[in-house]
Number of protein chains: 2
Amino acid sequence: MDIRTRLLATAEQLFDRHGFNATGMDRLTEGAGISSRTLYKHVGNKNGLIAAVLNERDRRFHRLVEEDSIDALFGALETWLAQEAVRGCLFLRAWGETGGDVPEIAEAMERHKQRLRDRIGNIVVAEIGRHDDELVETIQLLFEGATHTAAYRGVAAVDVARRAAQRLANAVRAS
Amino acid sequence: MDIRTRLLATAEQLFDRHGFNATGMDRLTEGAGISSRTLYKHVGNKNGLIAAVLNERDRRFHRLVEEDSIDALFGALETWLAQEAVRGCLFLRAWGETGGDVPEIAEAMERHKQRLRDRIGNIVVAEIGRHDDELVETIQLLFEGATHTAAYRGVAAVDVARRAAQRLANAVRAS
DNA sequence: GCGAAGGTAAAATGATCGTTTTACGCTGCA
DNA sequence: TGCAGCGTAAAACGATCATTTTACCTTCGC
């Protein structure tokens, strides 16, 4: 495995498990099996590492949503949560831990949420045949809710969100 | 104002603004206008302070929800977000930053979510005249979603959640 | 075969962290 | 009058943090 890939993968795991500030560079280099010199050569500094982790995570998530449907969206979240014990949205967590003061991190968060929103926009069009802003907003909200509720109530939260989204979409479709 | 009250209030603000780990004890004592010796006399240590802040916050929130209705619930969240620039649920953030490894903090989070759930249970009974578990789960999910979506999209997210909750409650009521 | 690129190991840097300690001031009550 | 309780100010504590530096090793293309 590529060094950068290995670094980002282990960093993502450690950040999710212990938090960003609480994860020291020693634990990161040891986990990735590289020297600190190499780490800094690759990502500049800790904030650069965090931003890189987030951007990679965003890419991986969208690769997981194969088709534009409500089922696929929440299905992706479900497999997401099944294989990694996520403690809330990692983007918001990074943003919150850094007080929103680190541009690269704030931008990664912003970009991720915008991409998610765009994706849901496509899903709504695919599901009901036209654009509906309120439905987009609601589904994004349900997605966000599922992500965070799952942190303390388990994956079942995703099913609740999916069913609610489906019901609301049906209502709009019928109107 | 009482020392403990002042300490918890400023700590809550600083924690929310900068994160828990990033807020040093110096900034806390300076912000509260007390010596570090007094701080430790009052809350034991930093984790004790965090737990105290969370428990006080929980109490304050429930005091804000005056009646058992969907409107009151999301109305409380709205005024909540208007007067304090919340960056996601402070309970989940504390829990995440400490990796879930600090019992007092994990318990404060757990307790808060349970109390919220119980409250929503009462609201559902008041709204539709009977118990409905799925609706309770969905409204909690919408609440969680609103809390976190508002972090990057503003208070308007609360309106979206309230309308969705109302629509879903109406559907259940009509069935 | 040589030099550049990219890696390791380990120590040093200076700052900052949470926490404890020392020494002292004020206030109210017996 | 004196002492206990509660507060401040400030230094010291040892640990840990992110980052840089020094010295050395391997590999590969020319």
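All chains are named by letter (A, B, ...) in the order of the sequence lines, taking the proteins before the strands, and each is independently numbered beginning at 1.
The distance between atom CD1 of B/Ile3 and atom C1' of D/dG5, rounded to the nearest whole Å, is 13 Å. In this structure, A/Lys41 atom NZ and D/dT20 atom P are separated by 11 Å, rounded to whole Å. The nearest whole Å value for the distance from the CG atom in A/Leu7 to the C1' atom in C/dG7 is 14 Å. What separates CG of A/Leu39 from C1' of C/dG6 is a distance of 14 Å, to the nearest Å. The distance between atom CG of A/Leu49 and atom C1' of D/dC17, rounded to the nearest whole Å, is 15 Å.
The aromatic rings of B/Phe143 and B/Phe61 stand perpendicular to each other, their planes meeting at an angle above 60°, with 30° marking the opposite boundary.
Proximity of A/Gln13 to A/Glu84: side-chain heavy atoms (C-beta onward) are nowhere separated by under 4.5 Å. Taking the side chain as every heavy atom from C-beta outward, B/Leu92 and B/Met109 approach each other to under 4.5 Å.
Helix bend of the helix from C/dG1-D/dC30 to C/dC17-D/dG14: the angle between its two end axes, each built from five pairs, comes to 10° after rounding to 10°.
Taking Ile, Leu, Val, Met, Phe, Trp and Tyr as hydrophobic and joining them when side-chain heavy atoms fall under 4.5 Å apart, one finds B/Met1 isolated, its cluster having no other members.
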Check your understanding: What string of B, S and - do you get for nucleotides 12-23 of chain C, 5' to 3', when a contact is any protein heavy atom under 4.0 Å?
Key -> ------SBBBBB
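Within the nucleic acid shown, A/Gly33 comes within 4.0 Å of sugar-phosphate atoms alone, with no base atom in reach, counting heavy atoms only.
Judged purely by distance below 3.5 Å, without hydrogens or angles, the side chains of A/Arg119 and A/Asn122 never pair a donor atom with an acceptor atom. A side-chain donor from one of B/Gln114 and B/Asp118 sits under 3.5 Å from a side-chain acceptor of the other.
Taking the six-membered ring wherever Trp is involved, the centroid distance between the rings of B/Phe91 and B/Phe20 does not fall below 6.0 Å.
A donor-acceptor contact shorter than 3.5 Å links the side chain of A/Arg6 to the backbone of A/Ala32.
Considering only side-chain N and O atoms, A/His42 lies nowhere under 4.0 angstrom from the phosphate OP1 or OP2 of C/dG6.
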